[in-house]
Amino acid sequence: MHHIEQIFINGEFVIPHGTERFDLYNPATAQVMGQVRLADEVDAERAIAAAKAAFPAWSQTSKQARIAALKRMHAAVAVRHDDLLAAVIEEYGAPASRSAWMASYPADVIAQAIEALEAFEFEKTAGAATVQMTPLGVAGLITPWNSDAGFICGKLAAALAAGCTAVIKPSEMSALQTRVITEALRDAALPPGVFNIITGRGETVGEILSRHPDVAKISFTGSTNTGKAILRNAAESFKRVTLELGGKSPTILLDDVDLKLAIPRVIQAGFMNSGQACVAGTRILVPLSRKVEIEEALALAVTGVKSGDPRDNATDVGPMVSEKQWQRVQGYIRKGIEEGARLLAGGEGRPAGTQHGWFVRPTLFTEVSNQMTIAREEIFGPVLCIIPYQDEAEAIAIANDTEYGLSALVLGRDVECARRVAQQILSGRVLVNTLAHEPKAPFGGFKHSGVGREMGEWGIGAFMEPKSILG
Ligand code: NAD
């Protein structure tokens with residue numbers, strides 16, 4: 001059993017004022033594997049005060065000093081790779097296909113922030129004005145469970161690079177990852193108060209952060225509904241807000257697509273992180289002329305996807321993070337059948353060979369209309385929909401007929417045509433014949449997928465305001 005009893009405020013581990021114990025589950029066994037003592041409103045106030053006190057000195061540090069601090073953070077996080085690997089597998093059942101990436105990404109994203117900071121121009125000229133990029137103040141950083149350590153490191157590195165100080169509220173479901181990362185960041189020996197990490201509930205600690213007058217910026221990754229609540233709460237004090245929210249991303253197969261190359265990409269895009277990924281390509285748009293052929297190829301591929309023990313190297317899809325999420329995915333599969341979609345693979349219940357964990361069957365529907373619930377709502381599980389289209393114009397129209405706009409994938413032999421389609425998709429990122437992520441590029445969403453961008457110069461700039469000095 002894990003007992004996590006401390007939070008990190010003003011440079012030291014402390015016992016929280018909050019006394020609530022929150023159960024931590026291993027989703028592969030559905031058993032309690034630990035407890036975390038949660039921070040409360042008093043702890044949030046203390047953490048904000050510590051970050052506020054540290055801001056004047058940190059905001060005046062030189063670029064070199066910040067780069068040196070980020071390098072120490074990078075080294076300290078990188079040496080905890082194996083601990084992070086164990087944590088992501090035990091805590092949310094990250095499958096073998098994902099866990100290695102999850103364990104190395106937190107250090108990688110700090111390295112990417114260092115590169116962006118090295119190139120960042122803090123001062124520019126605009127006509128007669130000198131424009132100084134000025135840090136906003138205390139930043140509240142709120143993370144989801146599906147990549148907790150990565151988001152803590154990415155958001156914190158960008159905030160510190162900009163000259164902000166931070167209060168981090170990790171997901172309450174990610175206490176193991178958070179403990180590893182907090183210990184690592186403590187070892188990086190930054191000045192007290194520059195960052196504070198307080199695991200607590202969203203409706204207490206998260207709410208305080210998004211309403212508090214001493215917090216100038218919120219950077220949040222999580223669900224669209226929570227993002228809306230944060231935006232409303234933050235409005236009162238005019239906080240700057242970056243929101244990275246949900247998605248219902250299209251994967252468009254063009255009529256000249258090479259299925260040998262495309263099918264593995266469709267599967268990977270749809271089932272990454274066990275389908276619990278904001279960028280998952282869950283709406284598969286296929287030309288009517290090749291529908292039957294694609295259905296056969298995808299049904300075969302989905303049937304071959306292994307769902308089960310996340311510690312097994314052959315596992316592609318691990319358990320859902322919680323019983324609630326398991327029930328939710330089952331509900332969407334039932335809804336798909338009720339609304340008239342046809343199952344090609346998977347379905348309700350657990351996959352063969354699994355018993356107690358929150359395992360689901362990788363599922364593929366066809367004859368899905370873009371108006372059905374399973375095509376409109378983010379399921380956050382391994383459930384894919386095939387939606388047919390007549391021609392390129394209809395493919396683009398269906399791709400854009402969604403509340404979301406986070407990511408899209410276009411697959412086709414004629415690269416010029418694929419790029420033409422990509423240009424017309426309203427989405428923060430469009431991948432053409434690749435799944436490779438580019439960390440130097442801005443990341444974020446249109447419409448209900450979010451506000452603002454992270455990564456690279458855009459990520460650092462999101463913690464700053466330009467100030468024009470004339471005369
Ligand atoms: P969630 O919205 O339930 O929780 C995210 C965080 O917000 C948690 O730390 C939670 O405690 C906190 N929170 C909850 N209520 C709050 C409130 N009222 N005020 C402030 N904070 C509050 O999301 P989740 O289930 O942890 O994560 C899954 C969601 O995150 C999915 O919708 C997914 O698409 C999205 N996501 C988006 C991205 C992206 O980059 N766009 C990346 C990963 C996940």
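Because only heavy atoms are used, hydrogens play no part in the values below, and waters and symmetry mates are left out as well, while side chains stay in. When a ligand or atom number is given, it counts from 1 through the structure's own listing order.
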>> Is there a polar contact between ligand 1 and Lys169, counting only N or O atoms under 3.5 Å apart?
In response: yes

>> Can you confirm whether the side chains of Lys239 and Ser237 place a donor and an acceptor under 3.5 Å from each other?
In response: yes

>> Quick test: of every protein heavy atom, which one is nearest to atom 9 (O) of ligand 1, and how far off is it to 0.1 Å?
In response: Thr143 O, 2.7 Å

> Considering only heavy atoms of Phe443, which atoms of ligand 1 have at least one such atom less than 4.0 Å away?
Replying inline: 40 (O)

>> Looking at Glu5 and Arg179, is there a salt bridge between them, counting it only when a charged N and a carboxylate O are closer than 4.0 Å?
In response: no

>> I'd like to check which ligand 1 atoms, numbered from 1 as shown, lie under 4.0 Å from a non-hydrogen atom of Asn146.
In response: 43 (C), 44 (C)

> Cationic tip of Arg453 within the cone over Phe446's six-membered ring, i.e. under 6.0 Å and within 45° of the normal?
Replying inline: yes

> At the 4.0 Å heavy-atom cut-off, does Ser171 count as touching ligand 1?
Replying inline: yes

> With only distance considered, is Ser449 within less than 3.5 Å of ligand 1 through an N or O on each side?
Replying inline: no

>> Give me the residue, atom name and distance of the protein heavy atom closest to atom 35 (C) of ligand 1.
In response: Gly222 O, 3.1 Å

>> Heavy-atom distances under 4.0 Å decide this one: backbone, side chain, both or neither, for Met173 against ligand 1?
In response: neither

>> Quick one about His17 and Asp43 (side-chain donor to acceptor, distance below 3.5 Å, no hydrogens or angles considered), yes or no?
In response: no

>> For atom 16 (C) of ligand 1, what's the nearest protein heavy-atom neighbour? Residue, atom name and distance, please.
In response: Thr226 CG2, 3.3 Å

>> Regarding Thr143 and Asp148, do their side chains bring together a donor and an acceptor under 3.5 Å, going by distance alone?
In response: yes

> Of all the atoms in ligand 1, which lie at a distance below 4.0 Å from a heavy atom belonging to Thr221?
Replying inline: 5 (C), 36 (N), 37 (C), 38 (C), 39 (C), 40 (O), 42 (C), 43 (C), 44 (C)

> Going by the atom numbers of ligand 1, which of them fall below 4.0 Å from some non-hydrogen atom of Phe151?
Replying inline: 42 (C), 43 (C)

> Please state which protein non-hydrogen atom is closest to atom 37 (C) of ligand 1 and give its distance, to 0.1 Å?
Replying inline: Leu245 O, 3.0 Å

>> Whether the Asp401 and Gln371 side chains hold a donor-acceptor pair (N or O, under 3.5 Å, no angle test) is what I'd like checked.
In response: yes

> Which one holds for Glu378 and ligand 1: side chain close, backbone close, both close, or neither close, with close meaning a heavy atom under 4.0 Å?
Replying inline: side chain

> Got the closest protein heavy atom to atom 19 (N) of ligand 1, with its distance?
Replying inline: Gly202 O, 3.5 Å

> If you draw the axis of the six-membered ring of Tyr404, does the NZ or CZ of Lys248 fall within 45° of it and under 6.0 Å from the ring centre?
Replying inline: no

> For Lys155 and Thr242, does a side-chain donor sit closer than 3.5 Å to a side-chain acceptor?
Replying inline: no

>> Can you check atom 32 (O) of ligand 1: any protein non-hydrogen atom closer than 4.0 Å?
In response: yes

> Looking at Leu431, Thr434, Leu411, Leu253, which hits side-chain contact (heavy atoms from CB on, under 4.5 Å) with Arg265?
Replying inline: Leu411

>> Give me the residue, atom name and distance of the protein heavy atom closest to atom 5 (C) of ligand 1.
In response: Phe220 CE1, 3.7 Å

> Who's the nearest protein heavy-atom neighbour of atom 39 (C) of ligand 1, and how far?
Replying inline: Cys278 SG, 3.3 Å

>> Can you confirm whether Val329 sits close enough to Trp358 that some side-chain heavy atom of one is under 4.5 Å from a side-chain heavy atom of the other?
In response: no

>> Strictly distance-based, threshold 3.5 Å: is any side-chain N or O of Asn10 a donor or acceptor partner for the main-chain N or O of Ala50?
In response: no

> Can you tell me which residue and heavy atom of the protein come closest to atom 1 (P) of ligand 1, and the distance to 0.1 Å?
Replying inline: Ser223 OG, 3.6 Å

> For ligand 1, is any non-hydrogen atom under 4.0 Å from Leu406's backbone (N, CA, C, O), its side chain (CB onward), both, or neither?
Replying inline: side chain

> Got an N/O contact under 3.5 Å between Glu203 and ligand 1?
Replying inline: no

> For the side-chain hydrogen bond (donor to acceptor under 3.5 Å, both in side chains) test, which of Asn313, Asp309, Thr315 pairs with Arg311?
Replying inline: Asp309

